[in-house]
Amino acid sequence: GINAEYGSRTQSQQVTVPPSDLNSIPRSSTITRTSGLPSPKKDVIRISSSLVEGVRRRGIKYQTSKDVVLTVLGKLSEEYPEWNDQLSNLCRALSKEEDMLSNSVDTLKLEQLFEHLTELTEDEQQRGWSCADDTEEISTMLSDLLSLLTNANPKVVIHVLQSLKYEPMLTLVQYYQLESRKNLKRQVLQVMYECMLIQPDPICSILLTSRLPVQLASDIQANKVMSLLEQQCKVFCACLTYPNVMPRNHYDQLDELFISHLLTAIEAEEQPYDPENLIPNLFLKCILSLNIHYKDLRNNKVCNVLKSRSHATVLSETLLVSFNRAENLTSYFPESEDGVRKLMEDLFGSPDTAELFFTNDVKVLLEVLHRNIIDRGEGDTDRVYFMRLLDLVVANTEYEDHTHYKYEIYHLLKQVSEEESDDRESMSEASRILRKHQILAT
C-alpha cells in the first residue's frame, strides 16, 4: 500500500507537531467511515493543499510540512484500510503538485509582494523627497518575501516567476540600484540570492546580463559595512559562477582597477571595520568567480594585474591550502566550475605569475599533484588535469634548481604512460610530459 512509499521514516526524520484541537475540525457529510474521503479531483487537490498549509501555519517549511502530511496519511491508511483508495489519491495529489500551483496561498502572496515591490520601485516621489519613513514597512515586505522564498514550495516560486516573465528579477535589480538605505539593500540581495538558488537557470543569466554585476563591483569597492559587503560579494560570485557567457561590456567595466582593489585588500592588514578578517576570503572568491570567464590567458585581466605585483602572499597561500584540500570556493551551484583549479592552472601558465609562489610552496604543490595523480584511476578526467598542471609547474618555475620529488614523479608518469588500458588521454599526456622534460629522467 502507500505505507511503504510514504509511511516509513527514520528517527532523525521525525517531526513533532503540536497537538491540534480535534474538536475544531469541521464534520462534513461527505466524509464517513464507510464512504471514505471525497474523490473528485478538485476536492482532492483542495484538501491535500489545505492539510499542508495547516501544518505550515506552525512555522514549518513547505517540504517538511508535506512530509508530515504524507506520514500521517500513510498511518491512517494502515489503520483504516477501507480509506486506502481515497488516501492514496491525496498522496498522489501532493506528489504531483502541478494542479496546486496556480491557486495556492503562496502563489497569491508572492504575486502581491512582487506587485508591491514594483510600486515601490516606481515611486519616484517617495525616493526623492520622502513624505514618511517607510523603512520598517519595506523591510517587513522584503522579510516576508524572503521567508516565502525560503519556506514555500520551490515549484510555486518558479511558477509565479515564469508567469511574470521573470520581470520581478529586473525589478529587484532596479530597486537595489535606486535604494540608498544599506539594510534594505542587503535584504534585496538576500532575496536575489534565494531566487538564484531556487532556479539558477535562467535567473543567473538574467542577473548576469543586467547592470547588477557592474553595480556590485562599484559598491564592493566603496562599501565598509560588512553585513552588506558579505551579501554583495555572495550575489556577485553566484551570478558569475553559473555557466553563462558574460556580456562583452562587462569585461571592460570589471576592469584592472576593480581587480587591483580586490588584490590589495586581500594582502592588506586587518581593517577596523572587518574585525573577523573576512575580506581576504570574500574578495578571493570574487577574483576566482571573475577569472572563470577568461578563457584566453593572453587577455586574462586577473593574471595581467597579478603580473604587475611583486607579491601576492595571502592569495597564493590561500589558493594552495584550498587546492590541497580539494575545496571549490566557487561551488555555488553543482554546475559551477572549480575556480581554484582554474586560477592555479592560469597562474602556472606563465613564469611571470608562477613566481608569485615561494619555492617551498612549489615543492608542496608537487607533492600534492603526485598524490592526486596516484589517487585517480584510469579514465578519471581529473588525472589529466593534475598531470597538465604538473607540466606547467615544471616548465614555468625554477624546477631545475631543486628537482624536488623528481624520482617519484618520473616513475609515476612512466607507469601511467605504459598502462594497458583504454585511457589513451592519460597515457598520451604522461608520455608528452616525459618527452618535454628530460630533466625528470636524469
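Along the sequence shown, residues are numbered consecutively beginning with 1.
- Contact record, Ile409 with His404: CD1-O, 4.0 Å, taken as the closest heavy-atom pair.
- Salt-bridge annotation for Arg341 and Asp382: present, with a side-chain N of the basic residue lying under 4.0 Å from a carboxylate O of the acidic one.
- Between the side chains of Asn249 and Arg211, no donor N or O sits under 3.5 Å from an acceptor N or O.
- Annotation: the span from His293 atom NE2 to Thr241 atom OG1 amounts to 7.5 Å, rounded to 0.5 Å.
- One finds no salt bridge joining Lys182 and Asp219 here, because no Lys/Arg side-chain nitrogen approaches an Asp/Glu carboxylate oxygen to under 4.0 Å.
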Side-chain donor-acceptor pairs under 3.5 Å in residues 352-366, sequence neighbours left out?
from	atom 1	to	atom 2	distance (Å)
Thr353	OG1	Leu347	O	2.5
Thr353	OG1	Ser350	O	3.3

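- Using modelled atom types and a 3.5 Å distance limit, the side chains of Tyr175 and Glu122 yield no donor-acceptor pair.
- Taking a cutoff of 4.0 Å between a charged side-chain nitrogen and a carboxylate oxygen, Lys342 and Asp338 do not qualify as a salt bridge.
- Ring planes of Tyr407 and His411: tilted class, angle from 30 to 60°.
- Taking the six-membered ring where the residue is Trp, the centroids of Phe236 and Phe258 are separated by under 6.0 Å.
- With respect to Glu337 and Lys295, a salt bridge is recorded, a charged nitrogen being found less than 4.0 Å from a carboxylate O.
- When every heavy atom of Leu208 is checked against every heavy atom of Val245, the shortest pair comes out as CD2-O, 3.8 Å.
- Between Tyr242 and Phe333, the angle of the ring planes goes over 60°, which puts this pair in the perpendicular group of the 30/60° scheme.
- Side-chain contact check for Asn291 and Ser289: no donor-acceptor pair (N or O, by modelled atom type) lies under 3.5 Å.
- With salt bridges taken as basic N to acidic carboxylate O contacts below 4.0 Å, one links Arg383 and Glu419.
- Glu167 and Lys165 are not joined by a salt bridge, as no carboxylate oxygen comes within less than 4.0 angstrom of a charged side-chain nitrogen.
- Without hydrogens or angle criteria, Lys185 side chain to Glu179 main chain gives a donor-acceptor distance under 3.5 Å.
- Closest non-hydrogen pair, Leu343 versus Val302, comes out as CD1-CG1, 4.3 Å.
- Gln232 and Asn223 form a side-chain donor-acceptor contact under 3.5 Å, judged by distance and modelled atom types alone.
- The closest side-chain donor-acceptor pair between Asp423 and Ser426 falls under 3.5 angstrom.
- Using modelled atom types, no side-chain atom of Asn300 and backbone atom of Asp296 make a donor-acceptor pair closer than 3.5 Å.
- Using a cutoff of 4.0 Å between basic side-chain nitrogens and carboxylate oxygens, Glu345 and Arg388 are scored as salt-bridged.
- Under the 30°/60° scheme for interplanar angles, the aromatic rings of Phe386 and Phe323 are found to stand perpendicular.
- Taking Asn277 as the reference, Glu270, Asp274, Pro280 meet the side chain to side chain contact (heavy atoms under 4.5 Å, CB included) condition, with sequence neighbours excluded.
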For this session: Could you go through the side-chain hydrogen bond (donor to acceptor under 3.5 Å, both in side chains) check for Tyr176 and Gln187 one step at a time?
Result: CA-CA 9 Å; Tyr176 173 81; Gln187 288 182 278; over 6 Å; no
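- Atoms OG1 and CG, from Thr121 and Leu172 in turn, are 7.5 Å apart once rounded to the nearest 0.5 Å.
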I'd like a table of donor-acceptor pairs (distance under 3.5 Å, sequence neighbours excluded) in which one partner is a side-chain atom from residues 434-442, with atom names and distances.
from	atom 1	to	atom 2	distance (Å)
Lys436	NZ	Asp391	OD1	3.1
Lys436	NZ	Asp391	OD2	3.4
His437	NE2	Asp391	OD1	2.7
Gln438	NE2	Arg435	O	2.9
Thr442	OG1	Ile439	O	3.0

